[in-house]
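Remarks on the structure that follows.
In the text below, chain A, chain B and the rest are named by the order of the sequence lines, each starting its count at 1.
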2 protein chains.
Amino acid sequence: MKSETSEVLILNAAKSVFIKKGMDGARMQEIADEAGINKALLHYYFRSKQQLFEAVFFNAFSLLAPQLNYILNDDSSVEDKIIKFTHNYVSFVSQHPYLPNFVIQEINRNPDFALKFKGNENLPNLEKFKIQVNNEVQKGIIKPINPEQLFINIISLCVFPFVGSPLIKAIGIIDDENFNQLIDERKTHVANFIISSIKM
Amino acid sequence: MKSETSEVLILNAAKSVFIKKGMDGARMQEIADEAGINKALLHYYFRSKQQLFEAVFFNAFSLLAPQLNYILNDDSSVEDKIIKFTHNYVSFVSQHPYLPNFVIQEINRNPDFALKFKGNENLPNLEKFKIQVNNEVQKGIIKPINPEQLFINIISLCVFPFVGSPLIKAIGIIDDENFNQLIDERKTHVANFIISSIKM
DNA sequence: AAATAGTTTAACCATATGGTTAACAAAATT
DNA sequence: AATTTTGTTAACCATATGGTTAAACTATTT
């Protein structure tokens with residue numbers, strides 16, 4: 001069956017176009033062109049633009065979300081988790097720099113998407129992390145901190161540089177060459193920064 | 001002259017619609033409806049969708065960027081700057097939560113915008129901050145840190161929670177009620193977190 | 001009050017766009 | 001080999017959308 005090839009061609013093209021232009025900015029014709037097939041085929045495999053978009057979106061989302069579980073469902077110490085997670089996540093996101101922005105943007109555009117997640121198996125859950133942080137605080141291993149704030153801080157430091165890079169670059173704070181080096185440094189910097197803040 | 005009123009009505013409506021739906025998702029008709037005037041008037045005051053959009057965009061951008069100067073062109077210590085800036089910026093952004101996302105998204109969509117900034121008077125400049133940080137590091141007031149990383153960290157911690165809130169909420173880590181309280185806490189938490197990390 | 005300039009609108013227009021159809025081609029099934 | 005199913009396309013359709021026009025209406029000026 002050659003059919004699977006077409007479907008994959010479409011999905012890849014759709015991914016590329018949707019991530020670059022968003023749902024509203026993307027054109028079915030452009031996706032077809034980039035896939036090198038007729039526009040009608042898009043509707044043959046995926047009924048509508050909406051359905052094609054959702055296929056791409058949920059694929060992207062399911063790439064992004066499970067990464068969070070590393071830090072949540074692991075048995076090492078908070079410090080070790082932070083070291084592993086930040087290195088991992090910065091590396092991962094720097095290989096998919098447009099993913100967070102895309103997902104955020106499209107959830108924003110259509111909050112109904114959020115509902116479709118509820119009940120998803122491998123959505124991260126903070127409970128374990130909260131307990132662990134509180135535990136280490138009580139034992140005097142780390143300084144008192146609200147686990148939710150800590151979690152947001154970790155994510156912010158890992159993800160924002162990518163999401164905000166257009167802004168950071170536009171403002172002229174950092175140029176392209178510098179940026180890549182800075183990101184590379186961040187793979188270790190972020191963990192040091194956080195741990196230095198919370199360690200007793 | 002009643003004319004100014006119409007122009008303001010249009011700008012406000014355009015701001016609301018563009019920020020909610022982005023350039024591509026916004027409809028001229030919807031802007032006209034929200035402004036309560038005829039669609040042709042949009043073209044009377046602003047020649048095209050593009051020009052109306054740019055009016056809104058640069059207004060939004062000029063609201064966001066100057067805030068950064070607080071931390072850069074001020075003579076207090078690094079610690080004081082961080083305290084003032086984070087409180088200020090978190091407060092400011094929580095009053096305009098969609099602004100960063102909008103600006104980032106649209107720069108992303110059209111990188112040519114970035115060029116239009118170059119030469120803008122009050123774009124922030126990192127030089128002074130760099131020197132100051134290096135200075136305090138040398139004096140042993142704060143721990144060694146790359147000033148650019150520190151700056152990115154500060155911005156990330158202030159801005160990401162807003163930009164990423166759709167994602168954070170969708171993942172189910174934090175619900176709406178909790179979120180507002182968390183943001184309120186962050187006005188002081190962020191400064192504590194950063195200072196705790198860099199202070200000797 | 002007449003004329004002029006500025007403001008606002010309803011009705012149009014051209015085009016782009018998502019989606020459909022009907023015919024054709026290629027596999028798969030009998 | 002004949003038939004059915006699946007894949008692919010060019011041509012088409014309905015509608016949405018940014019933009020225009022010409023007329024009406026409202027100040028402002030003379």
Looking at [X] and [Y], does any basic side-chain N land under 4.0 Å from a carboxylate oxygen?
X         : Y         : value
Lys84(B)  : Asp74(B)  : yes
Lys139(B) : Glu136(B) : no
Lys130(A) : Glu127(A) : yes
Asp24(B)  : Arg109(A) : no

Measure [atom1]/[X] against [atom2]/[N] and give the value in whole Å, please.
X        : N       : atom1 : atom2 : result
Leu41(A) : dC24(C) : CG    : P     : 18 Å
Met23(B) : dT17(D) : CE    : C1'   : 12 Å
Phe53(A) : dG18(C) : CZ    : P     : 13 Å
Tyr45(A) : dG18(C) : OH    : C1'   : 20 Å
Phe46(A) : dG7(D)  : CZ    : P     : 12 Å
Gln29(A) : dC12(D) : CD    : P     : 16 Å
Asn38(A) : dT20(C) : CG    : C1'   : 12 Å
Asp24(B) : dT17(C) : CG    : C1'   : 13 Å

Please determine if a side-chain N or O atom of [X] lies less than 4.0 Å away from the OP1 or OP2 oxygen of [N].
X        : N       : answer
Arg27(B) : dG18(D) : yes
Tyr44(A) : dT9(D)  : no
Arg47(B) : dG19(D) : no
Ser6(B)  : dT8(C)  : yes

Taking the minimum atom-to-atom distance to the side chain of [X], which one of [options] wins?
X        : options                  : result
His43(A) : dG19(C), dT9(C), dG18(D) : dG19(C)
Ser48(B) : dT6(D), dG19(D), dG19(C) : dG19(D)
Met28(B) : dT8(C), dT9(C), dG19(D)  : dG19(D)
Lys39(A) : dT8(D), dG19(C), dT9(D)  : dG19(C)

Practice item. Indicate the atoms forming the closest heavy-atom contact of Glu148(B) with Ile173(A), along with that distance. Key: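 Taking Glu148(B) first and Ile173(A) second, the nearest heavy atoms are OE2-O, 4.4 Å.
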Exercise for review: With heavy atoms under 4.0 Å as the rule, sort Leu42(B) into base, sugar-phosphate or nothing.
Suggested key: nothing
Exercise for review: Using a 4.0 Å heavy-atom cut-off across all strands, classify Ala26(A) as base, sugar-phosphate, or nothing.
Suggested key: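 If one applies the 4.0 Å heavy-atom cut-off, Ala26(A) turns out to touch the sugar-phosphate alone, with no base involved.
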